[in-house]
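Worksheet for the structure shown next.
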Protein chains: 2
Amino acid sequence: MAKKLPLSDEALELVARRFAVLAEPMRLRLIQALFDGEKNVNTLVEETGGTQANVSRHLQVLTQAHVLGRRKEGLQVFYAIADPSIYRLCELVCGSLEKQFTKHAEVLGG
Amino acid sequence: MAKKLPLSDEALELVARRFAVLAEPMRLRLIQALFDGEKNVNTLVEETGGTQANVSRHLQVLTQAHVLGRRKEGLQVFYAIADPSIYRLCELVCGSLEKQFTKHAEVLGG
DNA sequence: GACTAATATGAGCATATACGCATATAGTTG
DNA sequence: CAACTATATGCGTATATGCTCATATTAGTC
């Protein structure tokens with residue numbers, strides 16, 4: 001069940017690509033904005049403060065990576081988080097960073 | 001306890017940077033090689049098939065990000081995984097990718 | 001069909017970063 | 001201290017990618 005075999009080169013590239021998708025602040029901002037549910041592009045543009053073109057591009061990247069899902073409704077396009085593992089991923093990274101800072105703080109403080 | 005506040009711009013950059021560190025196949029290969037414990041640079045060079053210079057650089061990136069720890073012993077330098085959350089991160093991403101492919105396979109298969 | 005609104009995309013520029021080569025540094029041994 | 005080993009780093013280059021501006025596309029309204 002739990003495989004511990006080393007990943008193939010191809011698999012490593014896929015995993016790396018996955019991380020790369022999450023390695024942009026604007027994309028993280030979009031993901032965060034979608035934590036409370038589906039939103040259309042304009043809303044996301046407003047909430048993130050990005051330009052329409054840029055937001056659209058980033059949404060495309062996230063959608064192609066299957067992180068987000070896309071639903072068209074008339075003139076508008078609604079995006080939503082499609083990969084639930086994103087929540088955990090963000091939690092994990094945030095937790096890990098917090099620990100790091102706590103340690104840092106301890107060292108600096110005492 | 002569980003904070004769901006939107007992260008600040010600075011925090012988002014940190015998280016993004018964290019993901020960026022993991023967004024290189026060679027670095028993932030190094031991490032994977034260290035799953036079974038501490039190893040020195042030469043061993044890692046052999047096991048990953050990279051050049052010494054490149055491996056050394058990537059190890060530096062991973063160490064500065066506190067993903068790896070560094071221990072010097074005479075002429076050799078030993079690296080080891082310092083951030084346990086890495087295991088879960090990789091598991092999560094791999095699991096998510098597997099699911100994706102399963103779905104894909106289902107669609108293609110019938 | 002003309003007009004408007006919402007979203008996507010092409011082109012160009014600026015920046016980041018991975019890689020290879022050569023060389024520098026740190027530590028060991030004679 | 002000279003020679004050697006293990007690791008790190010400076011530099012140049014190639015490539016990738018994010019951003020902006022302008023424009024294209026898609027869909028609804030009169």
Side-chain angles (χ1 to χ4, degrees), chain A residues 9-10 12-34 38-80 82, chain B residues 9-10 12-34 37-82:
Chain A
D9 289 10
E10 286 178 16
L12 283 177
E13 292 228 7
L14 285 175
V15 175
R17 204 162 187 73
R18 180 72 159 191
F19 281 124
V21 166
L22 301 174
E24 285 302 314
M26 179 55 100
R27 286 202 280 271
L28 293 177
R29 206 172 316 211
L30 288 167
I31 290 172
Q32 199 176 219
L34 291 171
E38 196 184 49
K39 289 176 184 170
N40 67 12
V41 179
N42 237 330
T43 305
L44 290 170
V45 169
E46 286 169 10
E47 291 192 5
T48 60
T51 65
Q52 185 268 321
N54 203 27
V55 166
S56 180
R57 261 175 225 291
H58 283 305
L59 289 171
Q60 193 187 14
V61 172
L62 288 166
T63 306
Q64 284 180 350
H66 302 282
V67 173
L68 301 185
R70 212 184 103 111
R71 185 177 65 86
K72 228 175 167 177
E73 187 179 313
L75 268 182
Q76 302 180 337
V77 177
F78 288 85
Y79 287 89
Chain B
D9 289 11
E10 287 177 16
L12 283 177
E13 292 228 6
L14 285 175
V15 175
R17 201 161 189 75
R18 180 73 161 191
F19 280 123
V21 166
L22 301 173
E24 285 301 316
M26 180 53 101
R27 286 202 280 270
L28 293 176
R29 207 172 317 211
L30 288 167
I31 290 172
Q32 199 176 219
L34 290 171
E38 195 184 50
K39 289 176 184 169
N40 67 13
V41 179
N42 236 330
T43 305
L44 290 169
V45 168
E46 286 168 10
E47 292 192 3
T48 61
T51 65
Q52 185 268 321
N54 204 27
V55 166
S56 181
R57 259 175 225 290
H58 283 304
L59 289 172
Q60 193 187 14
V61 172
L62 288 166
T63 306
Q64 284 180 349
H66 301 283
V67 172
L68 301 185
R70 212 184 103 110
R71 185 175 66 86
K72 228 174 166 179
E73 187 178 315
L75 267 181
Q76 302 181 337
V77 177
F78 288 85
Y79 288 88
I81 292 179

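Quick note: numbers below take in every heavy atom, side chains included, and nothing from hydrogens, waters or symmetry partners. Sequence lines set the chain letters: A, B, ... in the order given, protein chains first and strands last, and positions in each chain run from 1.
Residues from residues 40-58 of chain A that place a heavy atom under 4.0 Å from any atom of DNA chain C, listed by number: N40(A), V41(A), N42(A), Q52(A), A53(A), S56(A), R57(A). For residues 73-82 of chain B, proximity to DNA chain C is found at G74(B), L75(B), defined as any non-hydrogen atom under 4.0 angstrom from a strand atom.
Contact annotation: Q60(B) side-chain N/O to dA8(D) OP1/OP2 distance is not under 4.0 Å.
In terms of position on DNA chain D, the residue among K72(A) and V61(A) whose nearest nucleotide sits closer to the 5' end is V61(A).
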> Does the side-chain contact (heavy atoms from CB on, under 4.5 Å) test come out yes or no for I81(B) and V67(B), once each step is laid out?
Replying inline: CA-CA 6 Å; I81(B) 292 179; V67(B) 172; 5.6 Å; no
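Surrounding CZ of R71(B) are more than 12 heavy atoms belonging to other residues, nucleotides or ligands, all under 6.0 Å away.
To the nearest angstrom, P of dA16(C) lies 11 Å from CD of E24(A). For the pair R29(A) CZ and dG18(D) C1', the interatomic distance rounds to 13 Å; values are reported in whole Å. The CG-P distance, from L12(B) to dG18(D), rounds to 15 Å in whole Å. The CE atom of M26(B) sits 19 Å away from the P atom of dT15(D) (whole-angstrom rounding). The nearest whole Å value for the distance from the CD atom in E13(B) to the C1' atom in dA16(C) is 13 Å. In this structure, CZ of F19(B) is placed 15 Å from P of dG18(D), rounded to the nearest angstrom. Summarising the geometry, the separation between CZ on R71(B) and P on dA26(C) is reported as 20 Å, rounded to the nearest angstrom. What separates CZ of R70(A) from C1' of dA27(D) is a distance of 13 Å, to the nearest Å.
Checked by atom type and distance alone, the side chain of R70(A) never pairs as donor or acceptor with a backbone atom of F78(A) at under 3.5 Å. In this structure a side-chain-to-backbone donor-acceptor pair under 3.5 Å is present from R18(A) to A65(A).
The residue from E47(B), E73(B), E46(B) that alone fulfils the salt bridge (Lys or Arg N to Asp or Glu O under 4.0 Å) condition with K39(B) is E47(B).
You'll find the side chain of Q76(B) stays beyond 4.5 Å of the side chain of N42(B), heavy atoms only.
With hydrogens and angles left out, the side-chain atoms of T43(B) and N40(B) include a donor and acceptor closer than 3.5 Å.
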